[in-house]
Amino acid sequence: MRSAMFLAVAEGRLNPGAAASRVREFIAAHNRQYSKYVPHGGGVMQSLDQQVYDDGPMRLVDTVAHGLWD
């Protein structure tokens, strides 16, 4: 989140004096991108169609045992 704020300052989208009043905006953007409810990948959403192993056709959706359809 801090790096996003520093980038916004460097790009001129955020005035350093207004950072304290806009911090909730950056927190919300961070939470949208890195949800704490995503169990794998450190909070990064993964595609269910991605291949799990390099040497086989198994996709991530094939490994789902419960939670989506129970």
Side-chain angles (χ1 to χ4, degrees):
M1 181 189 70
R2 281 186 261 166
S3 61
M5 292 182 81
F6 283 123
L7 182 62
V9 168
E11 292 176 343
R13 295 183 292 119
L14 176 65
N15 183 354
S21 63
R22 292 186 55 197
V23 72
R24 290 190 187 275
E25 171 187 336
F26 287 91
I27 290 172
H30 174 81
N31 289 340
R32 277 192 306 274
Q33 186 173 9
Y34 301 103
S35 173
K36 65 181 180 180
Y37 300 109
V38 177
H40 304 292
V44 177
M45 282 290 201
Q46 297 182 359
S47 170
L48 291 176
D49 290 326
Q50 76 181 12
Q51 189 174 354
V52 178
Y53 304 110
D54 292 335
D55 61 350
M58 181 178 280
R59 298 176 303 149
L60 188 59
V61 71
D62 298 330
T63 66
V64 176
H66 58 80
L68 293 177
W69 297 282
D70 288 343

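Annotation: side-chain contact (heavy atoms from CB on, under 4.5 Å) contacts of A20 (sequence neighbours excluded): none. Shown here are the salt bridge (charged side-chain N to carboxylate O under 4.0 Å, His left out) partners of R2, two or more places apart in sequence or in another chain: there are none. Qualifying side-chain hydrogen bond (donor to acceptor under 3.5 Å, both in side chains) partners for Q51, counting only residues two or more places apart in sequence or in other chains: none. Residues passing the side-chain contact (heavy atoms from CB on, under 4.5 Å) test with D54, sequence neighbours excluded: none.
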Stepwise side chain to side chain contact (heavy atoms under 4.5 Å, CB included) check, H30 with I27: CA-CA 5 Å; H30 174 81; I27 290 172; 5.6 Å; no
Would you tabulate the side-chain donor-acceptor contacts of residues 4-14 under 3.5 Å, counting partners in other chains and residues two or more places apart, or write 'none'?
from: E11; atom 1: OE1; to: R13; atom 2: NE; distance (Å): 2.7
from: E11; atom 1: OE1; to: R13; atom 2: NH2; distance (Å): 3.1

